[in-house]
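Basis for what follows: all heavy atoms, side chains included, without hydrogens, waters or symmetry-related copies.
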Amino acid sequence: MNLSIRRGATLAVTPLLIGALFAYLLSTHFYVYLVYLLLGVFYYLLVRRFGREMSFLFLIPIVTVALVLVGQIFLLDFYDHNGLNPIKIHPLVLSLLVLVYLTLLEDVLRGKFVWDRVAKLTVAIFVVFLGITLWKRGLSGVSYFNQNYLGPLSFFYFIYSQKKYDLHKLRLFTNVLIVVMVLMGIWGVVEYINQATPLQTIYDTETPTWIEGSYHEGYRIKTSIGHPLDNAIMFLFAMILVQTNIRNAYLKYGILLLFMVDLLASGSRSIFLLSFFVLLYNNSIKETGWAFFKKYLYFLVPAVLLVLGMLFSPLGQTIINRFNNAGESTQARFLFINYFLHHLFSFQMLGLGGATSTIALYNSRYEKVYLENPWIILFFEVSYFILLFLAYLYVVIRRVDFKYFVIIMLIALSAMNSFGVKTIDIYALFYLLAYFFAHRQARLGSKSSPPEYERIAGG
Amino acid sequence: MAIIAWSIAVTAVIGGYFTFFVAEARYEAVSSFMILNQPPLAELNNDHGDPPELILDLLAGAALANDFQSIILSNEFLEQVEARLNSEYEWARGITLEDLHQNVDVTFRSDTRVLNIIGYDSSPEHAAILSNTVNKTFQSFATKLTAQDLIIPIKEAEVPKSADSPKPVQYMTLSIIVGLLTGLILSMQTARISLLKVNL
């Protein structure tokens, strides 16, 4: 390789400058950020080399590592317990944002960026949600904004702003997530059988309130995903990916069964019920009569029977106990809905993160009621500007494949506080939205049909 | 490979030089106390003779922990610490309120009433004195403020044996990672430019 003097000098001097910058940062609390900023630049170059399809890989550690474990694994603690993350941003979300905005900058410089209804709604949500949060809560809500809105919506726009995708590459990179989730599923089953996880000490230290929530009615798995409900969301999300990616019926129903066992072990009633809507979905088998039976019911019927059988085995003990005690959480949800209905026209704007820290509801036994509905939480935080987010979801869902699964994921997210608090759950939704959008583009592209953008700036 | 090796070598050398020759050692000493919010005996039972709800007791404790954390880090309280340090220790004569804000921290685990007072200093002895002085000053401050003995000392700060920072293993590992990423970025960029030239 022949290098010019200028290029050689750049290669020699750049590490010196970066090394000096890092040494300077070592005397502050910000030195770990440099690692993740560089990782973001590395992501950007990888994506330029292998295509935007590869970016789906970068979400895998975001959706499989609990926020409370982030500091233990990635050093930059999401909650800043070690004092190294004053911005309280997820380190891999920071890298993702570097990737997205370097790409956006490149698109802008080339005059190719997409400026249509989705882009306008994205910018509107960023401006309004961040504005209200800064106005009402100062900088304390910005972390919430970064994690739940800036990261996922930016990622979706990043995927959305490209016209063509390669379906083979898309499937290849999303299959990696399925493999990771299968390993996670095996971990979950082993954890449930042992009724213990090596991460328990960390979970106890970071979030002592989980102890009661997890053990009250039996063991609930945590794996590395964290809260049992987050596990449930991620296994449902993985089931959806299995349904859309895997054609081999033996493999498909085998993996689906594993994930349903994990849903049982997570003890999440509503998501377990929802998972049947994913299990029963059939897109690939078009035959009728005996062929339909052989290729679909032949696998489905034993799968359903096995799941129902396991429900009444020791594996389903926690969830059965939770079905029996459904009254308490149902009462809590009604209490919150009742509070919402009484404040429907109060026009409160508490800023992101404001609802959970300001609104305190207690039941008749003086027990604190957790605010378990993300839509109502968001309503109290941004008032009727929530309509911007609803409009955004409506516009986006219209442009993606597999709308059925997106709706299921939205219902699952509505069954808990999910994006009403800082979470990894919303990344599952936006992963699906981005993947199904790219899937649609790849499908349309293979039929030589151009994507339908309303207006492409400079294009 | 040469670019990556060069980047790692450069950042490791610079990081190592800073870690072992430039960075000032900083020690961390921790003392702790527990907040007791037991009401006076006369108030233990209400009109019906029932004991108070445990949950209310816990909630009050959690609120007190938050309040005390804010009070300890306030100017009003730290001024008292500053005065006490100035009067008792020769080395602390030049200490200012700003220094105290930088070198004192208060933490507590949620759902507990145990507060940790952390003192930081370049001297391990001074870090321990700082933490213990804040702790003792607050005990008398809280008693005057609430007219009750609410504080139970748990642990006095001991002189730390090793420095909290710099952290040689962490700093050197990160220096190597920074070098690796820089090298990867530079080599990918170089490969891209070479490809562009070939295509042109």
Side-chain angles (χ1 to χ4, degrees), chain A residues 1-4 7-8 10-29 31-50 75-76 79 81-84 95 204-212 360 362-363 365-368, chain B residues 2-19 22-24 26 28 52-56 58-59 62 105 107 109-112 118 120 164-167 170-195 197:
Chain A
M1 182 171 58
N2 293 322
L3 287 176
S4 65
R7 189 94 205 125
T10 308
L11 290 177
V13 171
T14 307
L16 280 168
L17 293 175
I18 298 278
L21 175 64
F22 182 65
Y24 169 74
L25 290 174
L26 279 175
S27 57
T28 69
H29 290 286
Y31 59 91
V32 190
Y33 288 125
L34 184 63
V35 176
Y36 290 97
L37 289 173
L38 289 173
L39 184 65
V41 178
F42 183 54
Y43 278 0
Y44 167 73
L45 292 171
L46 281 176
V47 162
R48 287 201 60 150
R49 173 78 181 77
F50 298 106
L75 198 59
L76 216 52
Y79 298 101
H81 290 158
N82 57 9
L84 293 175
S95 301
D204 286 348
T205 312
E206 298 283 340
T207 51
T209 49
W210 284 8
I211 300 167
E212 190 194 356
Y362 293 91
N363 63 18
R365 293 191 294 176
Y366 297 110
E367 290 164 338
K368 190 167 183 181
Chain B
I3 298 171
I4 295 172
W6 163 248
S7 296
I8 292 175
V10 168
T11 52
V13 167
I14 296 176
Y17 178 74
F18 174 85
T19 307
V22 178
E24 192 184 350
R26 192 172 187 238
E28 177 185 309
E53 292 278 355
L54 178 64
I55 187 71
L56 293 179
L58 288 172
L59 285 171
D105 199 7
T107 62
R109 222 177 93 172
S110 56
D111 293 352
T112 72
I118 309 167
Y120 300 101
D164 178 54
S165 76
K167 299 180 173 79
Q170 189 186 89
Y171 285 12
M172 290 312 297
T173 309
L174 286 176
S175 297
I176 290 167
I177 293 172
V178 165
L180 176 69
L181 285 169
T182 308
L184 284 169
I185 290 165
L186 286 173
S187 51
M188 284 186 79
Q189 190 66 8
T190 308
R192 201 178 124 240
I193 287 168
S194 305
L195 270 175
K197 279 181 184 167

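- Within 6.0 Å of NE2 in A:His81 there are more than 12 heavy atoms belonging to other residues, nucleotides or ligands.
- Contact annotation for A:Leu34: only side-chain heavy atoms (C-beta onward) come within less than 4.5 Å of a heavy atom of chain B.
- Contacts of A:Phe42 with chain B are made by both backbone and side-chain atoms, with heavy-atom separations under 4.5 Å.
- Comparing B:Leu174, B:Val13, B:Thr19 by heavy-atom pairs within less than 4.5 Å of chain A, the highest count is held by B:Leu174.
- Considering CD1 of B:Ile185 and CD1 of A:Ile18, their distance stands at 7.0 Å, rounded to 0.5 Å.
- Contact detail for B:Ile14 and A:Ala20: the closest heavy-atom pair is CD1-N, 3.8 Å.
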> Given A:Tyr31 and B:Tyr171, is the ring-ring contact (aromatic ring centres under 6.0 Å, His included) satisfied, shown in steps?
Replying inline: CA-CA 9 Å; A:Tyr31 59 91; B:Tyr171 285 12; 5.2 Å; yes
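- The minimum heavy-atom distance linking B:Ser175 with A:Phe22 is given by the pair OG-CE2, 3.3 Å.
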Steps toward side-chain contact (heavy atoms from CB on, under 4.5 Å) verdict (A:Arg7, B:Gln189): CA-CA 11 Å; A:Arg7 189 94 205 125; B:Gln189 190 66 8; 3.8 Å; yes
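- Here the CH2 atom belonging to B:Trp6 is positioned 11.0 Å from the OG1 atom belonging to A:Thr14, to the nearest 0.5 angstrom.
- Note on A:Leu45, A:Val41, A:Leu26, A:Thr10: by heavy-atom pairs under 4.5 Å with chain B, the leading option is A:Leu26.
- The CG atom of B:Leu186 sits 5.5 Å away from atom CG of A:Leu11, with the distance rounded to the nearest 0.5 Å.
- Interface remark: B:Gln170 contributes side-chain atoms only to the contact with chain A (heavy atom separation under 4.5 Å).
- Using a 4.5 Å cut-off between heavy atoms, A:Leu75 contacts chain B through its side chain alone, with no backbone atom that close.
- The most heavy-atom pairs under 4.5 Å with chain B, out of A:Val32, A:Leu38, A:Val35, come from A:Leu38.
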